Every structure is written in C-alpha cells, then in structure tokens.
Amino acid sequence: MEDTQAEEFRASRSPQERRMADKRQRRREEREAEVRNKEETSADTVHLKVFRYDPGVPEKEKPRFDHFHVPYTRGLTVLDALLYARDHFDSTLTVRHSCRQAICGSDAVFVNGRQKLACKTQISELDEPIQVEPLPHQEVIKDLVVEMEHFYDQMNAVEPFFQTDSLPDEELIEQRHSRENREEIKMATRCIWCGACMSSCNIAAGDNQYLGPAAISTAYRFIMDEREDEATTEHRLNIMDQEHGVYRCQTQFSCTEVCPKDIPLTEHIQELKREAVKRNLKFW
C-alpha cells in the first residue's frame, strides 16, 4: 500500500521534480554506502594533515603541516582524531576544546577549506587527507588555537544582555513574551560565540572595525525582543546604524553557510538594515 502511494506521489510530480528527487536519492545512497564502507573497515586509519606553528620554539616557529594516521572507529569526530594524535603521537599538538557537545564553541577550526566545529564534524563525511587548520583571518597563537579577544570585543560592543525598565510589579514573576515573538528571535539565541561566521566573512577580514555577523545577529536577538523598551531598542539600533555596522554586510551568505547552529545570520542582518532604514525615514 505504501509503495503504491509513493508511486502515485512520484507520478504527480513534474519531470524536473522527479529528476531532482532521483538525484537527491542517489546522493543519499552514495553517502550511506561510503559511511557503511568506512564502518566495515574500522581497522583502517584516517589520514590527518594538521597545521603546526609554535612561536615559542625556534625550530617550530615556521608554519608547516604534520601528518598523523589515526585508527578509525564508528562515530569518530575531527576532535576525537586530533586528541588521539595528541595523546599517542605528539603531546605538543594544541587545540582548544571544552564541552565536546557543540555548545561551548571553543573548538572551531578550518577543516578541508571550511569552518567547522571539530567536535561536531564526523570523519566519515570528509575526504582524505583531512586538512585541519586554525580559523582564517585570526592571529594564530599556537597550532590550531587562535586569538579570540577581538571577536569577543565585537560581541560585547552590542551589549549582549537583556535591558529593560518595564519590570513586573510583583517580585519573582517572570517577564514573559509572546510565543510569536519567541519564535521570531529563537534562532538568534542559539549563537555559541564560536567565531566561525566571523572567520568566513570577507568584509570582516578587510575591515577590523566591522561588528561582524555574530555580533549583529546577537543584537537582532535583543532588538526584536518585545520585552525591551523603546529607548533601549533605539539605543541598539544606533549601534547598528553606523559605518561599521549592518551596512557593511554585502550579503555573501558565507556566514550563514558555515554556522554550526544553522542560524540565518544574513537574514537577521538584512532585517536590521530594514529596521534602521525605517527609523530614518521622514515624511513631511
């Protein structure tokens, strides 16, 4: 019965839709086959090509790549492989990490030419050799660890905390907002401050004062929160409505593509552009 319904549904589609659906299905089957093949050969090793740099050691202050062959096991992540290489081959290999659950945002790295969270990225989904580098456009401290102070400064510049003068009359009463408003800002609350979006942004690479997608999306979270009063919203929009604010974004979508939490960063930036323009409109 289910097969009949599936055939009827397929027949109702246009030829182009059927071709696209068949293409997606083939891709899924190919990917599943690759994963099964790698799982069946769990005794094999994974080839890691890791960026190395240590300014504190004269013979290691010149950037290079070291190669490691790590045993593959089902569910192995890039972070797992890096930690294995550190624990078994080279104890000086340095990578920043903490929760290992894609929440702390500390282990963002550049994997095969794309910003990713090492703890979230499955080895089975990558082509070998797996090249792991520090985040681009950031000062490298050692190996895969980059300086994040500037990124944090940009985040703090948008005052990423709730501000309001309209508190409930009674004590210990929650200051609730509507379900609709919660849905509107929900995705922006998922930011884990990993810096992947900032690293992918060509504008941020050339303009050190640009607030960046993470900071602007965080500002969006508070500007669109109905619980903050109008004066606070106006103040936040003033921060956005500046030379190095929302208008510097050129809508390249690179930040949205690399965000590990699937936040529609570019959409949030464009929405704040509209809000800033509407605020400045005058009718006589």
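A quick note: this is a predicted structure, and the numbers were derived from the prediction, not measured.
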Flag yes if [X] and [Y] sit in one hydrophobic cluster, no otherwise; membership is Ile, Leu, Val, Met, Phe, Trp, Tyr, and two members link when side-chain heavy atoms are under 4.5 Å apart.
{"X": "Val111", "Y": "Ile123", "answer": "yes"}
{"X": "Val158", "Y": "Val246", "answer": "yes"}
{"X": "Leu79", "Y": "Leu93", "answer": "yes"}
{"X": "Ile269", "Y": "Val258", "answer": "no"}
{"X": "Met224", "Y": "Ile263", "answer": "no"}

To the nearest 0.5 Å, what is the distance between [atom1] on [X] and [atom2] on [Y]?
{"X": "His268", "Y": "Cys249", "atom1": "NE2", "atom2": "SG", "value": "12.5 Å"}
{"X": "Glu267", "Y": "Leu272", "atom1": "CD", "atom2": "CG", "value": "11.0 Å"}
{"X": "Asn156", "Y": "Phe161", "atom1": "CG", "atom2": "CZ", "value": "8.5 Å"}
{"X": "Ile223", "Y": "Glu228", "atom1": "CD1", "atom2": "CD", "value": "8.5 Å"}
{"X": "Ile103", "Y": "Cys194", "atom1": "CD1", "atom2": "SG", "value": "13.0 Å"}
{"X": "Tyr72", "Y": "Asp44", "atom1": "OH", "atom2": "CG", "value": "10.5 Å"}

note = In Arg64, Lys142, Lys60, the residue satisfying salt bridge (charged side-chain N to carboxylate O under 4.0 Å, His left out) with Asp54 is Lys142
Are any non-hydrogen side-chain atoms of [X] and [Y] less than 4.5 angstrom apart?
{"X": "Val70", "Y": "Leu48", "answer": "yes"}
{"X": "Cys191", "Y": "Met155", "answer": "yes"}
{"X": "Ile192", "Y": "Lys261", "answer": "yes"}
{"X": "Glu243", "Y": "Tyr247", "answer": "no"}
{"X": "Asp143", "Y": "Val50", "answer": "no"}
{"X": "Cys201", "Y": "Cys255", "answer": "no"}
{"X": "Met187", "Y": "Pro264", "answer": "yes"}
{"X": "Val57", "Y": "Glu61", "answer": "no"}

Any side-chain donor near an acceptor of the partner, [X] and [Y], under 3.5 Å:
{"X": "Asn238", "Y": "Arg279", "answer": "yes"}
{"X": "Glu226", "Y": "Ser178", "answer": "yes"}
{"X": "His235", "Y": "Glu159", "answer": "yes"}

Closest heavy-atom pair and its distance - [X], [Y]:
{"X": "Asn208", "Y": "Gln154", "value": "O-NE2, 3.8 Å"}
{"X": "Pro71", "Y": "Leu76", "value": "O-CD2, 3.9 Å"}
{"X": "Pro134", "Y": "Phe110", "value": "O-CB, 3.5 Å"}
{"X": "Arg96", "Y": "Val145", "value": "NH2-CG1, 3.2 Å"}

Check whether [X] reaches the backbone of [Y] with its side chain - one donor and one acceptor, N or O, closer than 3.5 Å.
{"X": "Gln131", "Y": "Gly113", "result": "no"}
{"X": "Gln138", "Y": "Leu135", "result": "no"}
{"X": "Thr256", "Y": "Thr266", "result": "yes"}
{"X": "Ser254", "Y": "Ser200", "result": "yes"}
{"X": "Thr121", "Y": "Ala118", "result": "no"}
{"X": "Thr94", "Y": "Thr92", "result": "yes"}
{"X": "Thr218", "Y": "Ala214", "result": "yes"}
{"X": "Arg221", "Y": "Pro160", "result": "no"}
{"X": "His97", "Y": "Gly105", "result": "no"}
{"X": "Asp107", "Y": "Arg100", "result": "no"}

inquiry  = Run the side-chain contact (heavy atoms from CB on, under 4.5 Å) test on Lys186 and Glu183 for me, step by step, so that the C-alpha distance in whole Å, both residues' side-chain angles and the decisive distance to 0.1 Å come before the verdict.
reply    = CA-CA 5 Å; Lys186 177 175 67 176; Glu183 286 299 313; 3.1 Å; yes
inquiry  = Less than 4.0 angstrom from a charged side-chain N to a carboxylate O is my criterion; do Glu128 and Lys49 meet it?
reply    = no
key: Cationic N near anionic O, under 4.0 Å, Asp90 to Arg52   = yes
query = Given Asp80 and Thr77, is the side chain to side chain donor-acceptor pair (under 3.5 Å) satisfied, shown in steps?
reply = CA-CA 5 Å; Asp80 292 332; Thr77 65; 3.0 Å; yes
ask   = Where do Val109 and Lys116 land on the side-chain contact (heavy atoms from CB on, under 4.5 Å) test, with the steps shown first?
value = CA-CA 6 Å; Val109 288; Lys116 292 180 178 292; 5.6 Å; no
inquiry  = Under the criterion side chain to side chain donor-acceptor pair (under 3.5 Å), I'd like the reasoning laid out for Ser199 against His137: C-alpha separation, chi angles, the key distance, then a yes or no.
reply    = CA-CA 6 Å; Ser199 170; His137 307 146; 4.9 Å; no
Stacked cation flag Arg227 on Phe162, 6.0 angstrom / 45 deg = yes
request  = Take Asn112 and Arg114 through the test side-chain contact (heavy atoms from CB on, under 4.5 Å) and record every step on the way to the result.
outcome  = CA-CA 6 Å; Asn112 285 0; Arg114 194 177 184 88; over 6 Å; no
For the residue pair [X] and [Y], categorise the inter-ring angle as parallel (less than 30°), tilted (30 to 60°) or perpendicular (more than 60°).
{"X": "Tyr84", "Y": "His88", "value": "parallel"}
{"X": "Phe65", "Y": "Phe51", "value": "perpendicular"}
{"X": "His69", "Y": "His47", "value": "parallel"}
{"X": "Phe68", "Y": "Phe89", "value": "parallel"}

query = Should His177 and Ile185 be marked as a side-chain contact (heavy atoms from CB on, under 4.5 Å) after you check the CA-CA gap, both sets of side-chain angles, and the distance that decides it?
reply = CA-CA 11 Å; His177 55 160; Ile185 67 174; 3.8 Å; yes
note = side chain to side chain contact (heavy atoms under 4.5 Å, CB included) test vs Gln115 passes for just one of Pro136, Cys259, Pro260, namely Pro136
